[in-house]
Amino acid sequence: MEKNRNFVQMYRDHMPELRWLMKKSGIASGILNFIMEHMDYHNALCCSYSVFMDYFDISKDTVRRAIKLLKDNGFIDVLKSGTSNVYIVNHEVAWTSYDEDKEMCKFKGNIIISRKENKDYFYRNQFDKFKELRERENIKSK
């Protein structure tokens, strides 16, 4: 195993948003941390709601609300893969590869995304909502 491959970089610029999330929803914050702990080197984790339900001992509705909060505020994006989801962490919040790889949208061979289920993903700016959160909640950096 390469040196330093078991790390997640977190950016100080967006610590205020992470503090906002912790205050707003401990469950959503926990799910984000779970995703970051298990994501691959391109910020993606494929799993179903059941994983979160079992790990956190919470209901499907609680998972749904937490994922919605994370997605609506730009912390993650969610793609479909059959009955599972692929969660992609906003690379401005955390990153687990080299900085020059941030522009890549690369998935491992064991994650297959259906274009039919995710028609609009490549046509929207997935993290505009993150900027809107900062403005709406008057979150200041440094």
Side-chain angles (χ1 to χ4, degrees), residues 1 4-142:
M1 185 166 161
N4 297 330
R5 291 305 280 174
N6 193 26
F7 71 90
V8 173
Q9 299 177 79
M10 299 189 70
Y11 297 99
R12 289 186 177 130
D13 291 348
H14 298 299
M15 292 290 178
E17 288 88 348
L18 290 168
R19 283 193 305 275
W20 173 86
L21 178 63
M22 286 182 241
K23 185 176 177 182
K24 184 81 171 169
S25 172
I27 292 294
S29 182
I31 288 175
L32 177 62
N33 277 284
F34 181 92
I35 294 169
M36 290 189 302
E37 179 183 356
H38 297 282
M39 67 187 182
D40 67 13
Y41 296 116
H42 298 284
N43 281 32
L45 173 67
C46 181
C47 65
S48 65
Y49 276 15
S50 296
V51 172
F52 302 125
M53 292 165 57
D54 292 343
Y55 187 84
F56 292 99
D57 193 27
I58 55 179
S59 71
K60 188 173 188 173
D61 284 339
T62 301
V63 172
R64 185 177 293 119
R65 284 190 300 271
I67 295 298
K68 182 177 182 348
L69 179 68
L70 293 170
K71 184 177 176 185
D72 286 353
N73 290 289
F75 290 94
I76 64 171
D77 209 339
V78 182
L79 303 178
K80 295 297 296 172
S81 181
T83 59
S84 293
N85 291 325
V86 178
Y87 301 97
I88 303 169
V89 174
N90 180 342
H91 62 76
E92 293 299 321
V93 174
W95 188 247
T96 188
S97 186
Y98 299 103
D99 196 54
E100 62 269 12
D101 290 342
K102 285 170 79 173
E103 296 303 316
M104 301 283 289
C105 186
K106 179 179 177 182
F107 299 98
K108 301 266 184 205
N110 59 348
I111 299 176
I112 300 172
I113 302 299
S114 166
R115 178 178 288 223
K116 182 178 178 184
E117 290 176 315
N118 300 287
K119 295 176 201 158
D120 65 338
Y121 175 72
F122 295 102
Y123 301 105
R124 67 179 189 267
N125 187 342
Q126 62 196 16
F127 299 118
D128 280 345
K129 292 176 184 173
F130 196 68
K131 293 174 191 172
E132 293 169 9
L133 166 65
R134 181 172 275 214
E135 292 171 9
R136 182 182 71 241
E137 298 294 331
N138 198 25
I139 297 172
K140 303 203 183 321
S141 62
K142 296 186 184 181

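Positions are given from 1 along the sequence. For the numbers below, each heavy atom of this structure counts, side chains included, while hydrogens, waters and symmetry mates do not.
Between V8 and M36, the shortest heavy-atom contact is CG2-O, 3.7 Å. Counting all heavy atoms, side chain and backbone alike, H14 lies closest to E92 at CD2-O, 2.9 Å. Taking every heavy atom of both residues into account, L45 and H38 meet most closely at CD1-O, 3.7 Å. Residues M10 and M15 share a closest heavy-atom pair of CB-CE, 3.9 Å. Here the closest heavy-atom approach between residue F52 and residue I58 is recorded as O-CG1, 3.9 Å.
Counting only distance, with no hydrogens or angles, the side chain of N73 and the backbone of L133 share no donor-acceptor pair below 3.5 Å. The main-chain N or O of N43 is found under 3.5 Å from a side-chain atom of D40 such that the two form a donor-acceptor pair.
With a 4.5 Å cut-off on side-chain heavy atoms, D77 and K71 count as touching. Looking at heavy atoms from C-beta onward, L70 lies out of side-chain contact with V78 at the 4.5 angstrom threshold. Taking 4.5 Å as the limit, every side-chain heavy atom of F75 sits out of range of all side-chain heavy atoms of N90.
With sequence neighbours excluded, the residues satisfying side chain to side chain donor-acceptor pair (under 3.5 Å) with R64 are D61. Shown here are the side chain to side chain donor-acceptor pair (under 3.5 Å) partners of D72, two or more places apart in sequence or in another chain: K68. Under the side chain to side chain donor-acceptor pair (under 3.5 Å) criterion, N85 pairs with K80, Y87, sequence neighbours left out. Here N138 pairs with K140 under the side chain to side chain donor-acceptor pair (under 3.5 Å) rule; sequence neighbours left out. Shown here are the side-chain contact (heavy atoms from CB on, under 4.5 Å) partners of S29, two or more places apart in sequence or in another chain: L21, M22, N33. In this view, V51 and F34, C47, S48 satisfy the side-chain contact (heavy atoms from CB on, under 4.5 Å) rule, not counting sequence neighbours.
Ring orientation note: the planes of W95 and H91 are nearly perpendicular, at an angle over 60° on the 30°/60° scale.
Between atom CZ of residue R134 and atom NZ of residue K131 there is a gap of 11.0 Å, rounded to the nearest 0.5 Å. Here the straight-line distance linking atom CH2 of W20 with atom CZ of R136 works out to 6.0 Å at 0.5 Å rounding. Taken to the nearest 0.5 Å, the CG atom of L32 stands 6.5 Å off from the CG atom of L18. Between I76 atom CD1 and L69 atom CG the span is 9.5 Å, to the nearest 0.5 Å.
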